[in-house]
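To start, the structure under review is shown below, and the notes come after it.
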There are 2 protein chains.
Amino acid sequence: MTPRSHASRSITTHDVAAHAGVSQATVSLVLGGNPRARVAQATRERVVRAARDLGYRPNIVARSLVRGRSYTIGVVVPELSNPFFLDVVSGIQKVAVEAGYAVLLCDARDTSPGRHLEALRGRQVDGIVIDALGAESLPADALDGLEVVLVDEPSERWPGVASDAPGAGRLAAEHLLGLGHRRIAFVGPATDVHTFRMRERGFVARLREDGISLPSDWLRRAQPSIAAGQAAMRALLAMKDGRPTAVFCANDLLALGALKACLAAGVRVPAEMSLVGCDDIELARVVTPELTTVAVPARELGARAARILLRRLEKPSEPHKPQKPLPVRLAVRGTTARPQPETER
Amino acid sequence: MTPRSHASRSITTHDVAAHAGVSQATVSLVLGGNPRARVAQATRERVVRAARDLGYRPNIVARSLVRGRSYTIGVVVPELSNPFFLDVVSGIQKVAVEAGYAVLLCDARDTSPGRHLEALRGRQVDGIVIDALGAESLPADALDGLEVVLVDEPSERWPGVASDAPGAGRLAAEHLLGLGHRRIAFVGPATDVHTFRMRERGFVARLREDGISLPSDWLRRAQPSIAAGQAAMRALLAMKDGRPTAVFCANDLLALGALKACLAAGVRVPAEMSLVGCDDIELARVVTPELTTVAVPARELGARAARILLRRLEKPSEPHKPQKPLPVRLAVRGTTARPQPETER
DNA sequence: TTCACTCGCCAATACGTATTAGCAACTCCG
DNA sequence: CGGAGTTGCTAATACGTATTGGCGAGTGAA
């Protein structure tokens, strides 16, 4: 009899209207947002009471259709399995949910960003946050008519937020130099992600200021994963003519892999090898020794991105003023120490 | 002039209809799903071509409104920061996205499950997957009219999928007994989660079969987190009258905490202390030594839950036949070994 | 040619809400 | 008491798609 056999039809504004003895339009005026609508106080109360009595819940789908807004945003990240991105998402989600927006989460590792965007557009998302994914390289019209905010990926076309990536590299370099290291290697991701490039640039620049250059052998490229970090470290450890005393990894996953490789090879950390990561994911404090790393405010990054996006959705006209990069901070833990005095003969 | 200043209006079925010289209804018949609608092949092709030329993309919001289905499902998990749940979600997402459904993800740690459900209902989700969250304890009507599938939480009312939790406990016990351990402790979560209770039950039962009972001091309760596992292990290590030679932790996070506590206290793992976790999250292979654990097929769990849900959405009438629990598997790694010969005097 | 039937398309309507134009009643002021 | 202005509500319509009943044209049989 009912359209959906297993579900009692939902309460609509019409039901509330009938119950309160007013028209559907009035119900919509009272409940539908705009609080400064001209409705008598008494009527307002009758409607609110009726809605409560019946357990009315607005149908966001219908509302979306008429307003042309879905109150939903999309988030695209490179891979959720990296806890860093999960933190970013968590920051986004918190802000969005508080503002009444829902979040559709897309992992670029499952499905290509292009297809994710197709799906998101079909669902009429109002805007998108794209994290470290090279929005420029998407099909030109894939983002037309959408508000977009980028995280850790600069662009002329869209606003964004970023952490101080060169600063992160500098901090790591400074720390290792301060401990007395001169033989320093770098493990950076092979993929061309802006943040990683900048971390590298800051790191190398700071080394150079102290007259230290990175032999090309000591600049390893790897996928940003634990396994790849492990492999890169193994390669470094196997070097014939002396190994570095310290390694900076462009993110924590790489550093964790490096740490694992050291421990597996019987290389003591930090006595024989100092390691610095970047991001400060929760994992950094799970391993033993705890990972020295450059802390990046992931949640805050996400929260800010969401706030920018929501603000632009409310006032599309307002021009965007570029934000300062979020500061990073060195977290000194157990994987760094002074280099051992030269014992090689 | 246009309704939304920054966005060119989307292409609708009306536009396609005009372009193809047919009515909107015909366009809808061709593009709107039902492939066995009576439309001449030539017309069909004209419409498809027009749609392609114009870049038509169906407005899922409008479709949802008329069909009373949103092609969106909700997923509620206890906490995304536990990678196990992330894997479950990833399994759900994969199946759902392939079937054209979107997933709204809710972390019960941000916001209470009740409020999440409110938000999900407002968005007219068609169904929900609830993971290990005691759906029974929700407000009675919170799930009315929704299809629900539970993960790792049995219920008379809704279908579900689960892993073989007692089996996991038994496997862990068997492994430790096989190595010769007799002084065995257990760290289980304090929260009343069915899966955890069952893991404990299977574990204790198997020990009892070998005539071993768990002194109440050696049955520690903790929040299912790394920090809590660490604290629980510290407590075990501080025991006056002899400590256990092996500990089974009800999930990997606890085990990782326990491992950390051992290493921090200078207790060698596995020489002086064997540790077994449960879940087999990726992290288990990051720490050194790698964690011996009972592998639970998280992604598969999620995928099955999603398949059940989608199937019920397609044919609501079909009765659900209970599934067998998914088998678990012991992954022997580096944190377990034979106990040291008694060296205490 | 006529009747019965099928095929292919379309007009009309529904979904639940937001929004606007406008009507009726009332207030205020001269 | 008449006109202008305000207040409080409603009727009507729109959003973009799905769906159905029905209509004209075509086909085949008699």
Side-chain angles (χ1 to χ4, degrees), chain A residues 2-4 7-18 20-47 50-51 54-71 100 121-124 126 145, chain B residues 2-4 7-47 50-51 54-71 100 121-124 126:
Chain A
T2 46
R4 284 181 292 163
S8 51
R9 199 178 57 64
S10 301
I11 310 297
T12 74
T13 43
H14 291 94
D15 303 324
V16 177
V22 297
S23 74
Q24 179 271 331
T26 303
V27 174
S28 184
L29 285 179
V30 173
L31 303 176
N34 202 335
R36 53 184 184 66
R38 290 190 324 190
V39 179
Q41 191 57 30
T43 312
R44 194 177 284 275
E45 278 163 14
R46 272 218 320 290
V47 170
L54 294 178
Y56 168 75
R57 201 189 332 267
N59 182 331
I60 311 252
V61 170
R63 175 178 294 176
S64 301
L65 182 58
V66 47
R67 292 216 229 199
R69 298 265 312 271
S70 64
Y71 303 94
R121 298 194 70 125
R123 290 201 156 64
Q124 312 300 114
D126 301 328
Chain B
T2 46
R4 284 180 292 164
S8 51
R9 201 178 54 65
S10 303
I11 310 295
T12 73
T13 43
H14 291 94
D15 303 323
V16 177
H19 198 260
V22 298
S23 74
Q24 178 272 332
T26 304
V27 174
S28 184
L29 285 178
V30 173
L31 304 175
N34 201 336
R36 50 183 186 65
R38 290 190 325 189
V39 178
Q41 192 57 30
T43 311
R44 192 178 286 273
E45 279 163 13
R46 272 220 318 292
V47 170
L54 294 177
Y56 169 76
R57 200 190 332 265
N59 181 330
I60 311 252
V61 170
R63 176 178 294 175
S64 300
L65 182 59
V66 46
R67 293 219 241 216
R69 299 262 314 269
S70 64
Y71 303 94
R121 299 194 71 123
R123 290 205 157 60
Q124 313 299 114
D126 300 329

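Sequence lines set the chain letters: A, B, ... in the order given, protein chains first and strands last, and positions in each chain run from 1.
- To the nearest angstrom, P of dT17(C) lies 14 Å from CZ of R123(B).
- In this structure, CD in Q124(B) is found 9.0 Å from OG in S64(B), a value given to the nearest 0.5 Å.
- To the nearest angstrom, C1' of dT17(C) lies 15 Å from CD1 of I11(A).
- Within the 4.0 angstrom heavy-atom criterion, base atoms lie near A25(A).
- Heavy-atom nearest nucleotides on DNA chain D were determined for P58(B) and for R38(B), and the one closer to the 5' end corresponds to P58(B).
- The side chain of T12(B) sits closest to dT17(D) out of dG8(C), dG8(D), dT17(D).
- In this structure, R57(B) atom CZ and dG16(D) atom C1' are separated by 15 Å, rounded to whole Å.
- Nearest to the side chain of R67(B), among dT19(D), dT17(C), dT17(D), sits dT19(D).
- Note that the CG atom of L29(A) and the OG1 atom of T43(A) stand 11.0 Å from one another [nearest 0.5 Å].
- Between V30(A) and V27(A) there is no side-chain heavy-atom pair separated by less than 4.5 Å.
- Put simply, R63(A) has a side-chain N or O that comes within less than 4.0 Å of OP1 or OP2 on dA18(C).
- Using a 4.0 Å heavy-atom distance criterion, T26(A) is classed as a base contact.
- Per the geometry, CG belonging to L65(B) stands 18 Å off P belonging to dT13(C), to the nearest Å.
- Remark on DNA chain C: of its neighbouring residues Q41(B) and V66(A), the 5'-side contact belongs to Q41(B), judged by nearest-heavy-atom nucleotide.
- Taking only side-chain atoms of S28(A), from C-beta outward, the nucleotide of dT17(C), dT10(D), dG8(D) with the closest atom is dT17(C).
- The residue V27(A) sits apart from the nucleic acid: no heavy atom pair falls under 4.0 Å.
- In this structure, CD of E45(A) is placed 15 Å from C1' of dG8(D), rounded to the nearest angstrom.
- For T13(B) and dT17(D), the shortest distance from a side-chain N or O to OP1 or OP2 is below 4.0 Å.
- Atom CG in L31(A) sits roughly 9 Å away from atom P in dT17(C) (whole-Å rounding).
- Applying the side-chain contact (heavy atoms from CB on, under 4.5 Å) test to A62(B) and every residue at least two apart in sequence or in another chain returns L65(A), N59(B).
- Between the C1' atom of dC15(C) and the CG atom of N59(A) lies a distance of 9 Å, rounded to the nearest Å.
- Scanning for side-chain contact (heavy atoms from CB on, under 4.5 Å) contacts around R123(A) gives L104(A), I60(B), Y71(B), T72(B), A102(B), with sequence neighbours left out.
- For S23(B), the side-chain atoms get nearest to dC10(C) when compared with the rest of dG16(D), dG16(C), dC10(C).
- The side chain of Y56(A) lies closest to dT17(C), out of dT17(C), dA18(D), dC7(C).
- A donor-acceptor contact under 3.5 Å links the side chain of Q24(A) to the base of dA18(C).
- When side chains are defined from C-beta on, D15(B) does not count as touching Y56(B), because their heavy atoms never get closer than 4.5 Å.
- Summarising the geometry, the separation between CG on L29(A) and C1' on dT13(D) is reported as 14 Å, rounded to the nearest angstrom.
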